[in-house]
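Quick notes on the structure that follows.
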Amino acid sequence: MPAKSPALVRVSRRSKLPVLIRATDVLLGLDAIKNLLGSVSVGAISLYNHYTDTRARKPNRRAVDSLPLGPMQTASSVFTSVVGERFYVFTQTPRPKRFSIKMWSMTWPLMPKNNKTATMTQTTSRPSDTKLSQFRVKGEIPVPMLIGWLTLAAVPILLFFAWRSLDRGIPGSATALIVFAVLLSVNGIVYLLSRNSTLQRRGFITAITILFTYLAVNAVEDGSAIIWLFAYPPIIFYISEAKVGVLACSGGLAGVALLFSPLGDLVFDSPYSTSFRLTMLAVLGFEMSTCYVLDQSRRRSKLGLLKLAAEFEYAAKHDALTGLANRREAHEQLEAEYQRYLRNSRGFSVLLMDIDLFKSVNDNHGHQVGDETIVMVARTLREHSRKVDTLARWGGEEYLVLLPETDTVEAVQTANRIRQTIASTPIETQGGSINTTISVGVATIHGAESVDRLLQRADEALYRAKTLGRNKVCDFEGIHG
Ligand SMILES: Nc1nc2c(ncn2[C@@H]2O[C@H](COP(=O)(O)OP(=O)(O)OP(=O)(O)O)[C@@H](O)[C@H]2O)c(=O)[nH]1
């Protein structure tokens, strides 16, 4: 065992330790900056979707209602942004080009792990925290990639120090370092072959924990190798759950304290001076606590950011009054269904529905009762639909129902069921009981017609149902109830 080295104490106290700690701070700081940038972009896009009528490309009624904008005209020039969880609203200045409209067309920065886009149907609800944790924020370094880079960096360093140990006539240390280099490489290769990230992470954590223990206990490199311990906390907190990070760090710190204790001196022949031991323990403990606090903050802000994004994504795809899909989402679902139809020829139908003489409901009972009627009709639609159907509020008192794998006969049956229920069930509103009816236009996709053409046929069928006296279900060919 090498004798105590005064050089080690001098080096570690004066230069290496602060440099290592600063490097750690810089890395964590960069991560925090990335998070903030991610937060700004997610928030900006989400807010844009939430407060914008995408067809008119203007702020929607929600924007006008909820933001302190004053007169209606100013709403058409509103810009929204977000930093953290604070919303900022900018109204257009006399020099409108000062704000870049490009910000609005950025891609959605959330990426599900499996790269599949979740389909949004009537059953979609706000995602849970567990579900959210499956997402990562764009710009965040994926753990397998980080482990890959760390392995790539560690292997040559280990081989270099192994060569130095050999050169200094310490073959035992050289062999151990080569074994660690091989272990890390094997772990990397196994991951490349199996793509099992859990195995990769566990293998890496085990390897570096044993490696750092070896470096500390055997006082490799005249005892200076123990300084590498400072690399352990940020890595362990980043690549594992907070719980594992806390356990590993407190175990590590207790281990070092034991090594530095009189008991450690009995078992191991450590070269560390008393002042070095105290400094090392204090700084290591300080670094671990700092890493824990920063990691908690990173995790909390990520979850908050994902929640915020999920809330706004939900709002961007749903109608605020009824909770049904909005028109834009309905178009997306129609397009997706159409693509499925082109691929596997499974047909689908659409129902275009309109509440009859709705203007008179508003005129006779007021707008509030009109709104309640719209909500109650939406509820009836939900009750009479399958989970796979997409229910959308198409316009004011117009609804669209997308029925996958449904032919005209079945679509007409569904439409009649809904129509009859609405006609026979008085709607209870604050303004009293209201009897209302709906007219329905049915269209089923056929041949190579486009979605637009399909919608046009449904619209024409709806028009026919209206002209034939309302409370009717029609398709392109004729009346069905
Ligand atoms: N309460 C309320 N009314 C709305 C909403 N959106 C649109 N409307 C009203 O819905 C009414 C639609 O009336 P019209 O298009 O003339 O049709 P209608 O009275 O239903 O007559 P038909 O469609 O021919 O049966 C208008 O008075 C709109 O102001 C809304 O969100 N809430």
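Both counts, for ligands and for their atoms, begin at 1 and track the order of listing.
- Within ligand 1, counting atoms from 1 as listed, the ones closer than 4.0 Å to a heavy atom of Ile374 are 30 (C), 31 (O), 32 (N).
- Polar contact with ligand 1: present for Leu357 (N/O pair, distance under 3.5 Å).
- Judged by distance alone, with hydrogens and angles left aside, the side-chain atoms of Arg393 form no donor-acceptor pair with the main-chain N or O of Ala325 at under 3.5 Å.
- Taking the ring centre of Tyr191 as origin, the terminal cationic atom of Arg195 falls inside the region bounded by 6.0 Å and 45° from the ring axis.
- Pairs engaging residues 353-367 under the salt bridge (Lys or Arg N to Asp or Glu O under 4.0 Å) rule: Asp354-Lys466, Asp356-Lys466, Lys359-Asp363 [sequence neighbours left out].
- Shown here is Arg470, whose CZ atom has more than 12 heavy atoms of other residues, nucleotides or ligands within 6.0 Å.
- Ring geometry, Phe348 versus Tyr338: the interplanar angle exceeds 60°, so the pair is classed perpendicular (tilted spans 30 to 60°).
- Scanning for salt bridge (Lys or Arg N to Asp or Glu O under 4.0 Å) contacts around Asp407 gives an empty result, with sequence neighbours left out.
- Of the polar atoms of Asp356, none of the N or O atoms is found under 3.5 Å from an N or O of ligand 1, judged by distance alone.
- Closest to atom 12 (C) of ligand 1 by heavy atom, among Glu397, Lys466, Glu372, Arg393, is Glu397.
- Those atoms of ligand 1 with a heavy atom of Arg470 less than 4.0 angstrom away are 22 (P), 24 (O), 25 (O).
- Between Gly370 and ligand 1, a contact under 3.5 Å exists for no N or O pair.
- Only side-chain heavy atoms of Asn362 come within less than 4.0 Å of ligand 1; its backbone N, CA, C and O stay farther off.
- Of the polar atoms of Ile355, at least one N or O is found under 3.5 Å from an N or O of ligand 1, judged by distance alone.
- Geometrically, ligand 1 and Lys359 share a nitrogen or oxygen pair separated by less than 3.5 Å.
- Without hydrogens or angle criteria, Arg457 side chain to Thr444 main chain gives a donor-acceptor distance under 3.5 Å.
- For ligand 1 and Gly396, the ligand atoms under 4.0 Å from any heavy atom of the residue are 6 (N), 7 (C).
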